[in-house]
Amino acid sequence: MTDLTVQMIEEICDRIKTVQISDFIPSLSSTIEETINSEESVSNRIRQVSPTQGPTLPILQKIIGLSDKIQNLKKEHSNLSDQVKTAKDSFLGPPNIVDTLQKLGNEYELLRKKYLQELSDRKRLYNEVIELKGNIRVFCRCRPLNQVEITNGSNYVVEFDSSQDNELQIISSDSSKKQFKFDHVFEPEDNQEAVFAQTKPIVASVLDGYNACIFAYGQTGTGKTFTMEGSPENRGVNYRTLDELFRLSQERNGIMRYGLFVSMMEVYNEKIRDLLIESSNQPPKKLEIKQTAEGTQEVPGLVETRVTGTEDVWDLLKSGSRARSVGSTSANELSSRSHCLLRVTVKGENLINGQKTRSHLWMVDLAGSERVGKIDVEGERLKESQFINKSLSALGDVISALASKTGHIPYRNSKLTHMLQSSLGGDCKTLMFVQISPSATDLGETLCSLNFGSRVRGIESGPARKQADLSELFKYKQMVEKKLQDSLQSLQFRLAATEHICRTLQEKVRELENQLGEGRKTRLKQETRAFAAAASQSTIKVVEKRKIDKKPPLCPSKLRMPLRKITSSMPPPSPPLQKQKKCSVLSSMYEKENNPRITTAGTNTKRLVKPRRMSVAIRPPPPTSAQIFQPKRRVSTATYRSEPTSNMTTPLQTSRYKMGM
Ligand SMILES: Nc1ncnc2c1ncn2[C@@H]1O[C@H](COP(=O)(O)OP(=O)(O)OP(=O)(O)O)[C@@H](O)[C@H]1O
């Protein structure tokens, strides 16, 4: 009995060992089930074993140990069963996993499209915001009084009114004040950070693929280099711009891939010099501006260095500015006598749609703008000054032409403007810093610089102001359109009314014509009948009269007066009358001659008019007078005359003469 139990237990243990849970979950379950059953039977048998039946203690202990193991296994089994169930639910639960994946794929595609749309909208709107501010913006920056000026007790001639945003006043020597307004005015206390905060928007638009230009313009020593380059403690626009470009490109990581390349050159006496050439021992390369196939301006051979982080940038900028031509003048010992141009090329690739962009940002530290006369210069320095002035006025002309939107932009009047051609105008953004000194000693130059800046800014009214003008125009246009529409409508009404009247009149005319036709027919019938009767009566009378009179025959024709003579001896024709009058005269005459009872004096013609008679012989309205004088009618009328007299002329003949025919 004990051996059997042990054997069974061992068997169970072996089986448990051989069972691989992960192999096959259902077989594991059944094995455990069997094990549980066996364990139960073993427990029963143990209970039946008497402690007095020999040395069973070690075996019992073994059995108890095994029972514990079995209990543990049971727990494990139950846990595993739960896990299997959970696993089963989670893996096989959603029956349409493929559908879900499909849905997710579609959603992803939709979101991708939406994102691209949003991206392009953002780019467009951002550009519009900058355009609304003005594609050409002018900032004014006033430096603090320097140590020399303070020592000399120089007076401040620049006033800033905190209530007037972006305005400043210059106090002239006669205490009069002149006011200037710019897109932004930086006071001496404003630091580099504040200046860059206003510059930033342009930088972002470069990453969106727009070209841009930032200039610093002003008299020597007013802080152009300070604004553009700055110092290690007060870094300027150049460094901060590159820093911002890196930051933004990092921010757009995963969507856009950007590459930034830097070139640096100077224009000195209308000659271009590369400032990033490594060895200064080499003879300087002659650089020229060439137009590419795409119409942009390039300088073949110019060094273009890729920059990957802010660490490389500062050293690069410093080495470039060290190579810049500087000379000594009485105005500023380290005065830059050349224009220093830093070009950042941004190459972008949209990782979602593969679209590529390439844009340039120029940051230019211009040479001093002071007039030649002020500085005590001659020889080389005078030549430098002349070149500087020429190129600065060329820049002013280009900006003015751009701002006033004239057809021809004189880019080629200087190397500086020619090189910047593809970054000035059109969609490009231009920002100019007008640098001024607060000192009374620089008053003249300060006014010159401010006037130049105002001219640039004044001409460029900016789309916001342009829109205001356009809205006025639009109002007028709307007013004119409304007036035109109103008058058109009233004309249409009048036309419709006239047409209606015409139609009514036409109908009336037709009706009257019909009535007239009918009347004519009836009258014609009646008259024909009357004529026939009268004719037959008069024929009888004539025959009878001839018989009574027995008139002698007519004298021979030779003795008779020719017809022409008779007519010529007749009274001259009366002057022509109006048509209507003709008819009335004609009718009255006819009546007079055919009705002996009518006398001329004191006769009311209206009363005497007999329409029926009139209509037969001299009815006025028929279209042509020729019809009135139809010979047949005349004959018939003459024939109709009941009492002809020898000197009587036919009424129609008389009328004819009277009418001057
Ligand atoms: N806003 C400012 N705050 C403090 N210091 C300034 C400021 N602007 C200019 N400076 C100081 O004035 C001095 C002359 O400035 P900077 O050399 O930049 O003038 P510039 O216009 O570039 O002259 P140049 O035409 O000769 O190059 C420098 O020492 C500069 O540090």
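Note that the structure is predicted; figures quoted are calculated from it, not measured. Values reported hereafter were calculated over all heavy atoms of this structure, with side chains retained and with hydrogens, waters and symmetry mates removed. Just follow the structure's listing: the first ligand is 1, and inside any ligand the first atom is 1.
E193 and R240 are not joined by a salt bridge, as no carboxylate oxygen comes within less than 4.0 angstrom of a charged side-chain nitrogen.
Residue contact check: P144 has heavy atoms under 4.0 Å from atoms 1 (N), 2 (C), 3 (N), 4 (C), 7 (C) of ligand 1. Those atoms of ligand 1 with a heavy atom of R141 less than 4.0 angstrom away are 1 (N). Proximity to Q219 (heavy-atom distance under 4.0 Å) selects the following atoms of ligand 1: 21 (O).
Here the options are I409, I399, V398, the test is side chain to side chain contact (heavy atoms under 4.5 Å, CB included), and the partner is T417; only V398 passes. Partner of E244 under the side chain to side chain contact (heavy atoms under 4.5 Å, CB included) criterion, out of V203, L207, V206: V203 alone.
In this view, E270 satisfies the salt bridge (Lys or Arg N to Asp or Glu O under 4.0 Å) rule with no residue, not counting sequence neighbours. Contacts of E187 classified as salt bridge (Lys or Arg N to Asp or Glu O under 4.0 Å), with partners at least two apart in sequence or in another chain: none.
Residue T225 has at least one N or O atom closer than 3.5 Å to an N or O atom of ligand 1. No N or O atom of P188 sits closer than 3.5 Å to an N or O atom of ligand 1. Considering backbone and side-chain atoms together, R143 places no N or O closer than 3.5 Å to any N or O of ligand 1. The shortest N/O to N/O separation between G223 and ligand 1 falls below 3.5 Å.
Distances shorter than 4.0 angstrom occur between a heavy atom of T222 and an atom of ligand 1.
At a threshold of 4.5 Å between non-hydrogen side-chain atoms, the residues Y217 and V364 do not count as touching.
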